4 protein chains.
Amino acid sequence: MARGINKVILVGNLGNDPDTKYTQGGMAITRISLATTSVRKDKDGNQQERTEWHRVVFFGKLGEIAGEYLRKGSSVYVEGSLRYDKYTGQDGVEKYSTDIIADEMQMLGGKGDGGGGGDRPQRSAPAQRQDSAPRRQQPATQQAPMDDFADDDIPF
Amino acid sequence: MARGINKVILVGNLGNDPDTKYTQGGMAITRISLATTSVRKDKDGNQQERTEWHRVVFFGKLGEIAGEYLRKGSSVYVEGSLRYDKYTGQDGVEKYSTDIIADEMQMLGGKGDGGGGGDRPQRSAPAQRQDSAPRRQQPATQQAPMDDFADDDIPF
Amino acid sequence: MARGINKVILVGNLGNDPDTKYTQGGMAITRISLATTSVRKDKDGNQQERTEWHRVVFFGKLGEIAGEYLRKGSSVYVEGSLRYDKYTGQDGVEKYSTDIIADEMQMLGGKGDGGGGGDRPQRSAPAQRQDSAPRRQQPATQQAPMDDFADDDIPF
Amino acid sequence: MARGINKVILVGNLGNDPDTKYTQGGMAITRISLATTSVRKDKDGNQQERTEWHRVVFFGKLGEIAGEYLRKGSSVYVEGSLRYDKYTGQDGVEKYSTDIIADEMQMLGGKGDGGGGGDRPQRSAPAQRQDSAPRRQQPATQQAPMDDFADDDIPF
DNA sequence: TTTT
DNA sequence: TTTT
């Protein structure tokens, strides 16, 4: 039985284009880096900003939609759950990562998409985008491997 | 201006007693490790369980309440926001941590508390509990230091 | 395309046993009345309590589970969406109702259930419970008819 | 003690300009009508749309901000709680209303505002807007009086 | 890295 | 009444 609730709700903007990969079985896995910024007053009364960069992962059909419609700068609503992973880096050191596994997404219309929150994309050749380019410089807060997903790695 | 929404909602059980510390200025900072468990069927049709251990932090008045009323096993509702931190470990290696900064809490009545969801506690001497014991076996996924908080380190 | 987010999250206690009915096609529709209580200080500094009674509706499989496991007094987490309906009462007057259409539920262990948050129920004969008794004193804020559901009336 | 969680999260568009009133004590009360639209397939496989119109109320400082920056068509994130009220209409009949009492709001940039999610408004004379005109034709799903608020009617 |  |  499931015990407990693990729910995340985010509204933010993408720091980069989505990164879509496919499992051996053909399931899409799309990752985005999503910014949310909050403000607080420090003790001197100055506005202090702080931006969190969330690693959000979309699986399956949602991964295809996210990879197709989201772009750098897009404003998006995401709902999902927290997943913490532990892995051994290439340097042999144990590392931790935190991901939000999305189970709902909605575009919100803003810079980076064609506007309008979810309509047809303005791009002409979306299909061959996914796996060609070395779009690998995502300096995400926490780095974790993603190349070795098995087909049943969809988390729900 | 704040841009974006960064919201976490958790219902889970504490893996250990809370850990309360105080800043130089006397502000309470309480940390708990909160478990949520989800299930999914793997490809063989077997129920697969997975437990996430969330690091939740309560500041100020909420930190005092959490430290006073929560106990190992307590069932609790927490609302807060995600905060990702980067720090250098004692081994000189850069590490990352993820915390949920709580801004709302509600006890839910269950094992570990006196029952009743937020009623008076049954314990008699809560005060001298905080910093004595080597309660270090917290099953927290990711470990981060917490001793060096300044007084204005409250995140909102 | 869906536009917008319509999400409700409740943790509360049932004011009565659930009320389960079935459509002609055999789909379960279970209604509960769920209390949440908040406090605020009035201008004289006195604690003022206020209880909201939410009408929550579960369809299909979730309706069966809710009807089977929930009882008066049960503590439950509910996630769903708001639905406003307009109907003509038996007195010929137009009326409005507000329901939360649940799409997730989790028992939280407390008075009214067998404890344990979702475990097997203690009852022996759950089946013939549904439609016998005149359980009509539901403290529901707003009353609406529910007998005439068609089979495709499931709202998602 | 508060018992339970009563939380609503909405992202939608305003059907009309906000309606701001002031209590005798000068507290702003702003009401908006917010649309969210969902889709589902009916049994014939056709896409069925359904729009909910939420009555959202902002008190105090938030009421001033909402009245100032939101406009018909604005896209907005709202977080709040459900409140059900019962009142006697001018026709002597008892009526019910449901409101979402907002405690957080964030503009999302879209038609109806100057774009950009919360920036300075483009309007030139916002000040005398609030109380003059007979903007009374809001056919909100459920109608309730709002003229007779006392100063301590702020709900938290 | 985004956005305002 | 909004929006796409």
Side-chain angles (χ1 to χ4, degrees), chain A residues 10-19 31-39 47 49-56 69-78 106-121 135-143, chain B residues 1-6 84, chain C residues 1-6 84, chain D residues 10-19 31-39 47 49-56 69-78 106-121 135-143:
Chain A
L10 302 173
V11 176
N13 296 277
L14 278 75
N16 270 308
D17 282 351
D19 177 24
R31 291 179 168 273
I32 63 169
S33 190
L34 195 66
T36 60
T37 301
S38 60
V39 285
Q47 296 261 339
E49 288 207 349
R50 186 186 157 103
T51 295
E52 307 299 336
W53 286 99
H54 305 90
R55 294 162 41 107
V56 180
Y69 290 97
L70 298 179
R71 285 295 169 270
K72 176 174 177 172
S74 295
S75 177
V76 68
Y77 170 95
V78 169
Q106 196 165 125
M107 293 187 62
L108 294 174
K111 183 194 165 303
D113 70 291
D119 264 348
R120 306 283 109 204
R135 219 172 330 107
R136 285 267 37 137
Q137 303 88 314
Q138 296 241 160
T141 303
Q142 296 158 241
Q143 199 72 3
Chain B
M1 268 296 290
R3 278 100 56 197
I5 299 296
N6 171 0
Y84 308 104
Chain C
M1 267 295 292
R3 279 101 57 197
I5 299 295
N6 171 1
Y84 309 103
Chain D
L10 302 173
V11 175
N13 296 278
L14 278 75
N16 269 310
D17 282 350
D19 177 23
R31 290 178 169 274
I32 64 170
S33 190
L34 194 66
T36 60
T37 300
S38 59
V39 285
Q47 296 262 337
E49 288 209 351
R50 186 185 157 102
T51 296
E52 307 299 336
W53 286 100
H54 306 90
R55 295 163 38 108
V56 180
Y69 290 97
L70 298 178
R71 286 295 168 269
K72 177 174 177 172
S74 296
S75 177
V76 69
Y77 170 95
V78 169
Q106 195 166 127
M107 294 187 63
L108 292 174
K111 183 193 166 305
D113 68 291
D119 265 349
R120 309 280 112 203
R135 220 173 328 110
R136 287 268 36 139
Q137 302 89 312
Q138 297 242 158
T141 303
Q142 298 159 241
Q143 199 73 2

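Proteins come first, then strands; the chains are lettered A, B, ... in the order of their sequence lines, and each starts at number 1. This is a predicted model, so every value here is computed, not measured.
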Whole-Å distance, D/Lys72 NZ to F/dT3 P, equals 7 Å

Heavy atoms from C-beta onward define the side chain here; which of E/dT2, F/dT2, E/dT4 lies closest to that of B/Arg3? E/dT4

So, does the side chain of D/Ser33 form a donor-acceptor pair with the base of F/dT1 at under 3.5 Å? yes

Is the backbone N or O of D/Trp53 less than 3.5 Å from a side-chain atom of D/Arg55, with the two atoms forming a donor-acceptor pair by type? no

Between D/Glu52 (CD) and F/dT2 (P), how many Å, whole number? 16 Å

Does A/Leu14 reach the side chain of A/Arg71, with side-chain heavy atoms less than 4.5 Å apart? no

Applying the 5.5 Å / 30° rule, does D/Trp53 stack onto the base of F/dT1? yes

Between E/dT2 atom P and A/Tyr77 atom OH, what is the distance in whole Å? 25 Å

Applying a 4.0 Å non-hydrogen cut-off, can you work out what D/Thr36 is touching in the nucleic acid: base, sugar-phosphate, or nothing? nothing

I'd like to know if D/Asn16 reaches the base of F/dT1 with its side chain such that a donor and an acceptor end up less than 3.5 angstrom apart. yes

In this structure, how many angstroms lie between the C1' atom of F/dT3 and the CG atom of D/Leu34, rounded? 10 Å

Separation of C/Asn6 atom CG from F/dT3 atom C1', in whole Å? 15 Å

If we only count heavy atoms from C-beta on, is the D/Gln106 to B/Ile5 side-chain gap below 4.5 Å? yes

How many whole angstroms separate atom CG of A/Leu14 from atom C1' of E/dT2? 8 Å

Rounding to an integer number of Å, can you tell me how far A/Asp17 CG sits from E/dT3 P? 11 Å

Could you check how far CG of A/Leu10 sits from P of E/dT1, rounded to whole Å? 21 Å

Minimal heavy-atom distance between B/Tyr84 and A/Arg50, with the atoms involved, is O-NH2, 2.8 Å

